[in-house]
2 protein chains.
Amino acid sequence: MEALTIHEAAQTTGWSPRMLRYVERAGLVSARRSPSGYRLYGPAELQRLRTLRELLSRFDVGLAEMGFARRLRREPALRAAVDSWLAAQPRRPAHVAPGDWLRFEQDKHEKLLAA
Amino acid sequence: MEALTIHEAAQTTGWSPRMLRYVERAGLVSARRSPSGYRLYGPAELQRLRTLRELLSRFDVGLAEMGFARRLRREPALRAAVDSWLAAQPRRPAHVAPGDWLRFEQDKHEKLLAA
DNA sequence: CCAACCCTACCACGGTCGTGTCAATGTTCC
DNA sequence: GGAACATTGACACGACCGTGGTAGGGTTGG
C-alpha cells in the first residue's frame, strides 16, 4: 500500500508538516496512523489536501471558515436557522407588501428557533 | 414613522450601541439614516437584530461566521467548491469501490475549479 | 548505533474578532 | 445655550487563527 509520511505528503501537497497537523486538528483532513502512531497519507488524502489548498487560496477562505461550512452541513438546525435568517435580508420582492413579508419571516424564525 | 435611535435600539435588542455599529459594518444589519446621518432602526431591523442575537448565542456562532455564510449564499462558485469539497469527505458509501469514488470526486473538483 | 524521521506539547508573533472606552465634532430639544 | 444624544476614528485588550519554531522523547532503517 502506497502511503506517504507527513514530510513527504507536505512536499507533494504544498503544505508544511506543521500545517498538515493543524489541518487535521481542524477536522478537515485526517491521516490514518501507523502502529507506532505515524501519520500515513494515502492518495485520497493527498488529493483532498491539494484541492483544499487550491480552494482556500482561490477564494481567500480560511481553515476556520471551512470548519464552519462543515458544521453547517452536519448541523441541520444551525443550517436552517442561518439560512432563514439570511433569506430574510436581501432586496425584498416588490410584489409582497413589506409588512406581510416581515411577518412571514418572523413566523419562520419563531418556528425554527422554537425547535 | 416609528424609528428608534441607536441607543434605544440597543436597549430593546440587547446589543450595545457599539456593537450595532459593528454589526452594520459586518454587513449583517444596516439602519437607514436620518438627514443628519443618525441611524434609524425600524421594526424590521429590530426584529432581525433580536433573531440574530438569539441565533448567535444559541449556536455559539460569531458575526464573522455569519458573514461567511452570507458570502456562501451570494457567491455560487464558492458555495459549489466548498460543498463539493465537503461532500467528498464523510464515510464513503460502502457500495462504491473506493477508487471509483475518489476518481468521481476528483473529476468533480477539476470541473468546478476550472470554471 | 546513529542520523533522520515521527510524535505531542509548548512559546512566539502578527492578524483579526468582539468589545469597551475615549476624543473630537455635529444634532436635537427644552 | 446647554444637556443629552449622535457620528467617526482611535487605542486597548483578551481570545482565537495561521504559522513557524523548539524541546523532549519514540521509531526507522542503513
Side-chain angles (χ1 to χ4, degrees), chain A residues 1-42 45-46 48-50 52-72 82 85, chain B residues 1-42 45-46 48-50 52-72 82 85:
Chain A
M1 179 52 180
E2 186 118 4
L4 303 190
T5 114
I6 197 174
H7 209 80
E8 294 163 336
Q11 306 269 94
T12 67
T13 59
W15 295 91
S16 67
R18 175 66 168 85
M19 284 311 292
L20 289 187
R21 299 194 186 97
Y22 188 71
V23 165
E24 181 173 301
R25 209 169 15 146
L28 294 175
V29 178
S30 308
R32 76 169 195 279
R33 300 302 187 101
S34 79
S36 62
Y38 284 21
R39 286 173 184 81
L40 294 177
Y41 292 86
E45 287 75 36
L46 298 177
R48 278 184 73 64
L49 286 169
R50 291 196 200 96
L52 176 59
R53 191 172 177 65
E54 173 72 6
L55 198 169
L56 297 190
S57 80
R58 176 193 286 276
F59 294 100
D60 194 25
V61 167
L63 293 172
E65 291 168 306
M66 278 304 278
F68 181 65
R70 176 162 135 285
R71 218 190 134 189
L72 277 179
V82 169
W85 193 91
Chain B
M1 177 51 177
E2 185 117 5
L4 303 191
T5 129
I6 197 173
H7 209 82
E8 295 163 334
Q11 305 269 95
T12 66
T13 59
W15 295 90
S16 67
R18 173 66 167 85
M19 285 310 293
L20 290 186
R21 300 194 184 96
Y22 189 72
V23 166
E24 181 172 303
R25 216 179 42 204
L28 294 175
V29 178
S30 309
R32 75 169 197 280
R33 300 304 187 99
S34 79
S36 62
Y38 283 23
R39 286 173 184 79
L40 294 177
Y41 292 86
E45 287 74 37
L46 298 177
R48 278 184 73 64
L49 286 169
R50 290 196 200 95
L52 177 59
R53 191 171 175 64
E54 173 72 4
L55 199 169
L56 296 191
S57 81
R58 175 192 287 275
F59 294 99
D60 193 26
V61 167
L63 292 172
E65 292 169 306
M66 279 303 279
F68 182 64
R70 178 163 135 282
R71 216 191 134 189
L72 277 179
V82 169
W85 193 90

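Bear in mind that the values here come from a model prediction, so they are computed numbers and not experimental data. Chain letters run A, B, ... following the sequence lines, proteins first, then strands; residues in each count from 1. Heavy-atom basis, side chains included; hydrogens, waters and symmetry copies ignored.
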*At under 4.0 Å, does any side-chain N or O of A:R53 touch on OP1 or OP2 of D:dG18?*
no

*Is a side-chain N or O of A:R53 found less than 3.5 angstrom from the main chain of A:G14, in a donor-acceptor match?*
yes

*Using the test side-chain contact (heavy atoms from CB on, under 4.5 Å), find all partners of A:R50 that sit at least two apart in sequence or belong to another chain.*
A:T12, A:T13, A:L46, A:Q47

*Spell out protein contact along nucleotides 24-30 of chain C as letters: B when the base is contacted, S when just the sugar-phosphate is, - when no protein heavy atom is under 4.0 Å; keep the 5' to 3' order.*
--BBS--

_Going by the rule salt bridge (charged side-chain N to carboxylate O under 4.0 Å, His left out), which residues pair with B:R70 if we only count those two or more places apart in sequence or in a different chain?_
none

*Could you state the atom-to-atom distance from CZ of A:R32 to P of C:dC7 in whole Å?*
13 Å

*What string of B, S and - do you get for nucleotides 14-20 of chain C, 5' to 3', when a contact is any protein heavy atom under 4.0 Å?*
---SBBB

*Roughly, in whole Å, what's the span from CG in A:L52 to C1' in D:dG18?*
13 Å

*asked:* Any heavy-atom pair between the side chains of B:L63 and B:M19 that's under 4.5 Å?
replied: yes

*Who are the side-chain contact (heavy atoms from CB on, under 4.5 Å) partners of B:S36, not counting sequence neighbours?*
B:S34, B:Y38

*Round to a whole Å and report the spacing from CE of A:M66 to P of D:dC16.*
22 Å

*Starting at CZ of A:R39 and ending at C1' of C:dC7, how long is that distance when rounded to a whole Å?*
7 Å

_Length of the line joining A:F68:CZ and D:dC16:C1', which is rounded to integer Å_ = 16 Å

*Separation of B:L20 atom CG from C:dT21 atom C1', in whole Å?*
16 Å

_Atom-pair distance (CD on B:E8; C1' on D:dA4), nearest Å_ = 12 Å

Write out a two-atom table: protein N or O, nucleotide N or O from nucleotides 1-3 of chain D, distance below 3.5 Å.
none

*Can you name the residues that form a salt bridge (charged side-chain N to carboxylate O under 4.0 Å, His left out) with B:E8, not counting sequence neighbours?*
none

*Looking at side-chain heavy atoms only, is the closest gap between B:V61 and A:V82 below 4.5 Å?*
no

*Exercise: identify the closest heavy-atom pair between B:A9 and B:L20*: CB-CD1, 3.9 Å

_List the residues meeting side chain to side chain donor-acceptor pair (under 3.5 Å) with B:R25, not counting sequence neighbours, and say none if there are none._
none

_Considering every strand and a 4.0 Å limit on heavy-atom distances, what is the contact class for A:R21: base, sugar-phosphate, or nothing?_
base

_Rounded to whole Å, please give me the gap between CD in B:E24 and P in D:dG9._
12 Å

*For B:R71, check salt bridge (charged side-chain N to carboxylate O under 4.0 Å, His left out) against everything at least two apart and list the hits.*
B:E75

*Residue list, side chain to side chain donor-acceptor pair (under 3.5 Å) with A:E24, at least two apart or on another chain*: A:R33, A:R39

